[in-house]
Amino acid sequence: MSAPALPLNVAAWGRPGDPVCLCLHGITSNAASWTAVGPRLAALGLRVLAPELRGHGESPKPAGGYDTGTLLADLGAVVPDGMDVLIGHSFGGYLAQEGVLRGLFRPRAMVLEDPVSHQPDREVPTAMLEWDRTNLPRDIDGLLALNPGWSRLDAAGKLLSLEQTDWDAARAAFAGNAPWDLRESAAEVARHVPTRWLLPGESRFVPAADAESLVAAVGPEAVVTVPEAGHSIHRDALDTFVTVVDDLYRTAAGS
């Protein structure tokens with residue numbers, strides 16, 4: 001049984017009343033992930049909302065409630081009627097797809113940025129999180145050395161997110177919901193909402209064979225690869241990221 005929904009902390013950019021773009025961050029991240037994206041999309045006429053998942057950022061960090069249903073219920077409570085664009089990065093991409101498939105999210109357009117569409121077991125995500133917890137640099141220069149495409153503000157935001165994350169909560173969400181496999185649901189997702197899968201040149205979450213199957217399922221125009229980018233495309237290739245979001249939204253809106 002799902003736990004009660006919690007009030008999430010939500011960062012916002014743009015003018016109230018403008019078309020809404022909801023940005024879902026990845027595991028161990030926070031709203032600062034969208035610090036560069038928010039103002040850029042707001043300048044294009046979108047009201048950008050970036051909720052922080054329970055256990056992350058400044059949102060509540062209860063002992064439980066990290067099952068997919070409860071995480072989606074938390075997000076559903078902050079989603080306004082008539083959402084226009086939904087962006088999901090990494091684990092946020094998993095939640096975005098689940099939200100659409102379950103009928104909770106009904107955006108006019110969706111961008112899935114290197115989404116975790118497949119998690120084979122609980123051991124793999126547990127090991128990934130443990131590596132991050134023990135090995136990721138805890139200083140701005142160290143994070144920039146690991147991610148040379150990022151700005152100092154990006155690195156500062158990541159540093160903050162690592163300090164804010166409840167790692168037990170992250171394990172409960174990222175590993176506790178495994179296994180899952182949404183790869184066969186790609187065509188169904190695309191039927192529900194115009195979608196772009198935005199992938200880096202090399203992805204541990206969407207390997208080459210999965211990318212080929214994805215193209216076959218949804219068509220080559222729906223899959224955009226950014227060879228120079230890593231997992232955080234919105235940090236490594238901001239201009240490309242914004243262009244993909246804006247072009248898809250304008251097409252879906254008929255403008």
Side-chain angles (χ1 to χ4, degrees), residues 10-26 29-52 75 78-80 82-97 99-100 105-117 149-151 153-154 157 186 189-201 203 205-206 211 214-215 218-255:
V10 182
W13 298 266
R15 299 171 299 186
D18 280 349
V20 171
C21 174
L22 188 73
C23 296
L24 305 183
H25 66 72
S29 195
N30 62 3
S33 171
W34 308 106
T35 295
V37 172
R40 288 286 297 272
L41 293 181
L44 295 172
L46 291 170
R47 171 71 166 169
V48 181
L49 303 178
E52 295 179 318
L75 293 169
V78 302
V79 176
M83 177 173 45
D84 292 88
V85 183
L86 176 59
I87 299 173
H89 174 228
S90 192
F91 182 67
Y94 160 71
L95 292 175
Q97 291 176 86
V100 167
F105 301 149
R106 302 179 185 276
R108 300 177 72 174
M110 181 164 66
V111 174
L112 300 171
E113 179 191 1
D114 202 16
V116 188
S117 297
W150 292 14
S151 69
L153 195 57
D154 288 328
V189 167
R191 283 194 296 271
H192 278 288
V193 55
T195 302
R196 291 292 179 272
W197 280 260
L198 189 56
L199 307 179
S203 171
F205 296 116
V206 188
L214 179 62
V215 169
V218 300
E221 72 286 345
V223 182
V224 179
T225 301
V226 187
E228 71 275 16
H231 179 55
S232 293
I233 300 167
H234 64 281
R235 291 178 172 121
D236 288 328
L238 178 61
D239 289 344
T240 299
F241 182 86
V242 170
T243 296
V244 168
V245 174
D246 187 49
D247 285 352
L248 179 60
Y249 166 62
R250 302 296 171 192
T251 299
S255 61

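Using a 4.5 Å heavy-atom threshold, the side chains of I233 and T240 count as separate. At least one side-chain heavy atom of W150 sits less than 4.5 Å from a side-chain heavy atom of D236. Under the 4.5 Å side-chain criterion, counting only non-hydrogen atoms from C-beta, P51 is in contact with L24. For the pair P19/V85, no side-chain contact is recorded, criterion being any heavy-atom separation below 4.5 Å from C-beta on. Using a 4.5 Å heavy-atom cutoff, the side chains of P107 and L22 are not in contact. Contact of the L95 side chain with the L75 side chain is registered, since non-hydrogen atoms from C-beta on lie closer than 4.5 Å.
Going from atom OG1 of T195 over to atom CE of M110 covers 3.5 Å, rounded to the nearest 0.5 Å. Atom CG of L238 and atom OG1 of T243 lie 9.0 Å apart (nearest 0.5 Å). Atom CH2 of residue W13 and atom CG of residue D18 lie 15.0 Å apart, to the nearest 0.5 angstrom. Rounding to the nearest 0.5 Å places NE2 of H231 at 7.5 Å from CD of E113. In this structure, NE2 in H89 is found 11.5 Å from SG in C23, a value given to the nearest 0.5 Å. The OG atom of S90 sits 6.5 Å away from the CG atom of D114 when rounded to the nearest 0.5 Å.
Nearest approach of Y249 to D84, heavy atoms of both residues: CE1-CB, 3.9 Å. The minimum heavy-atom distance linking G88 with A96 is given by the pair CA-CB, 4.3 Å. Taking each heavy atom of R108 and A253 in turn, the nearest pair found is NH2-CA, 3.4 Å. Nearest heavy-atom pair across A11 and A31 is CB-CB, 3.7 Å. Contact between L199 and P115 at its shortest, heavy atoms only, is CD2-CD, 4.2 Å. Contact record, V218 with A190: CG1-CB, 4.1 Å, taken as the closest heavy-atom pair.
Remark: the S151 side chain and the D154 side chain contain an N/O donor-acceptor pair separated by less than 3.5 Å.
A centroid separation of less than 6.0 Å is found between the aromatic rings of W34 and H234.
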Name each donor-acceptor pair under 3.5 Å that joins a side chain in residues 38-49 to protein atoms two or more places apart or in another chain, with its distance.
from : atom 1 : to   : atom 2 : distance (Å)
R40  : NH1    : D239 : OD1    : 3.0
R40  : NH2    : D239 : OD1    : 3.0
R47  : NH1    : G14  : O      : 2.6

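Annotation: side chain to side chain donor-acceptor pair (under 3.5 Å) contacts involving residues 218-229, sequence neighbours excluded, are absent.
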**OP:** Run the numbers on C21 and I87 for side chain to side chain contact (heavy atoms under 4.5 Å, CB included), then give the verdict.
**Re:** CA-CA 7 Å; C21 174; I87 299 173; 3.6 Å; yes
